[in-house]
Amino acid sequence: MKKLVLFIPLVVFLGMGVFLYKGLFLNPQKLDSALEGKPVPAFQLEVLESGDTVTNETLKGKVGLLNVWATWCPSCKYEHPFLMTLARKDILPIYGINYRDERALAIRELSREGNPYAINIFDHDGRLGLDLGVYGAPESFLIDHKGIVRYRYAGPIDRNVWKETLYPMVQELQAEAAKDGAS
């Protein structure tokens, strides 16, 4: 029995080794989302710039990109020029969620760097982000014309991510929306 107890640390070590080895092959940008295939969580928040009320119902009708960002987020600053380019192409509306930020700082940054967002939701306390399962900014969610989350991407969006991952999905979702009579 005493000899058997001596093997317990070895078994634990081997088990942890297998677990850590498997982690080496995971993609940190692809986070499983409990919301994929489900509606955007119900919310009623303010528009960042105007203070008007916006709800999850506002996001229905078109395939859209819901982008979580903040002024304190360096990766958000990296992805911002690409979001500006994407907004100019008018492929789909980009809805911003200004996450755990200060309103004045966010408005100032958007006026200085440009505003790619059709609507910018002010999530000061992070409640909507929490309901979406946000780990940090930036994170983006593709939503279909019915307001259903179809895909979650963690990290900054750039030309390669758009071209290889997101744009093919957007085209597919827009084709589905066209069949349903929406855009």
Side-chain angles (χ1 to χ4, degrees), residues 23 26-80 82-84 86-87 91-103 105-107 109-110 113 115-158 161-162 164-174 176-177 182:
L26 297 177
N27 181 351
Q29 267 72 41
K30 176 60 178 124
L31 293 173
D32 289 332
S33 176
L35 285 181
E36 283 184 18
K38 296 182 181 168
V40 171
F43 67 87
Q44 183 175 348
L45 292 167
E46 293 180 354
V47 173
L48 176 71
E49 300 87 351
S50 68
D52 294 340
T53 300
V54 63
T55 71
N56 53 300
E57 294 296 317
T58 310
L59 307 180
K60 293 181 179 178
K62 290 187 173 191
V63 174
L65 183 70
L66 193 58
N67 177 256
V68 179
W69 71 281
T71 59
W72 47 260
C73 165
S75 296
C76 298
K77 293 179 190 322
Y78 168 79
E79 88 173 341
H80 191 83
F82 184 76
L83 293 179
M84 289 297 297
L86 195 57
I91 296 168
L92 78 169
I94 305 171
Y95 306 113
I97 298 177
N98 182 242
Y99 180 65
R100 295 183 182 243
D101 211 346
E102 295 301 321
R103 186 187 300 261
L105 291 174
I107 291 171
E109 183 160 319
L110 290 175
E113 303 298 328
N115 186 351
Y117 304 109
I119 299 172
N120 211 335
I121 303 160
F122 185 53
D123 189 20
H124 182 263
D125 64 0
R127 184 71 194 159
L128 177 56
L130 181 67
D131 290 345
L132 286 166
V134 169
Y135 287 86
E139 284 189 32
S140 297
F141 300 83
L142 271 180
I143 56 173
D144 69 13
H145 65 288
K146 296 176 184 174
I148 306 295
V149 175
R150 294 300 196 98
Y151 186 75
R152 174 189 195 166
Y153 182 80
I157 297 173
D158 60 18
V161 169
W162 177 252
E164 295 171 12
T165 305
L166 297 176
Y167 189 53
M169 289 182 199
V170 167
Q171 290 177 311
E172 185 178 314
L173 293 173
Q174 288 175 334
E176 286 177 24

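Below, each value reflects all heavy atoms present in this structure, side chains not excepted, and no hydrogens, waters or symmetry copies. One is the number of the first residue; the rest follow in order along the sequence.
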* Count the heavy atoms belonging to other residues, nucleotides or ligands that lie under 6.0 Å from CD of Gln171, then report whether that count exceeds 12. => yes
* With the threshold set at 4.0 Å, does a side-chain nitrogen-carboxylate oxygen contact exist between Asp131 and Arg127? -> yes
* Asked: Of the non-hydrogen atoms in Asn98 and Leu48, which two are nearest, and what is the gap between them?
  -> OD1-CD1, 3.9 Å
* Structure fact -> Here the pair of heavy atoms bringing Met169 nearest to Leu142 is CB-CD1, 3.6 Å
* What distance do Leu130 atom CG and Asp125 atom CG have between them, rounded to the nearest 0.5 Å? -> 9.0 Å
* Sole candidate of Tyr153, Tyr117, Tyr95 that passes side chain to side chain donor-acceptor pair (under 3.5 Å) when paired with Asn67 -> Tyr117
* Any donor and acceptor pair, going by atom type alone, linking the side chain of Lys77 with main-chain N or O of Thr71 inside 3.5 Å? -> yes
* To do: Answer whether the closest heavy-atom distance between the side chains of Pro41 and Leu35 falls below 4.5 Å.
  => yes
* Decide, yes or no, whether a salt bridge links Arg152 with Glu139 under the criterion of side-chain N to carboxylate O below 4.0 Å. => yes
* Asked: How long is the span from the CD atom in Glu49 to the CD1 atom in Ile107, to the nearest 0.5 Å?
  -> 6.0 Å
* Asked: Under the 3.5 angstrom rule, does the side chain of Trp72 hit a backbone N or O of Arg100 as a donor-acceptor pair?
  -> yes
* Asked: What pair of heavy atoms forms the shortest contact from Ile148 to Gly37, and how long is it?
  -> CG2-C, 3.4 Å
* Structure fact -> For Ala118 and Pro93 the tightest heavy-atom approach is CB-CB, 4.1 Å
* Structure fact -> Note: Thr58 and Ile119 closest approach over all heavy atoms is CG2-CD1, 3.4 Å
* **Least distance between heavy atoms, Arg103 atom then Phe122 atom** => NH2-CD2, 3.2 Å
* To do: Check whether more than 12 heavy atoms from other residues, nucleotides or ligands sit under 6.0 Å from atom CD of Glu113, and answer yes or no.
  => yes
* Could you tell me whether the side chain of Leu59 reaches within less than 4.5 Å of the side chain of Phe43, counting heavy atoms only? => yes
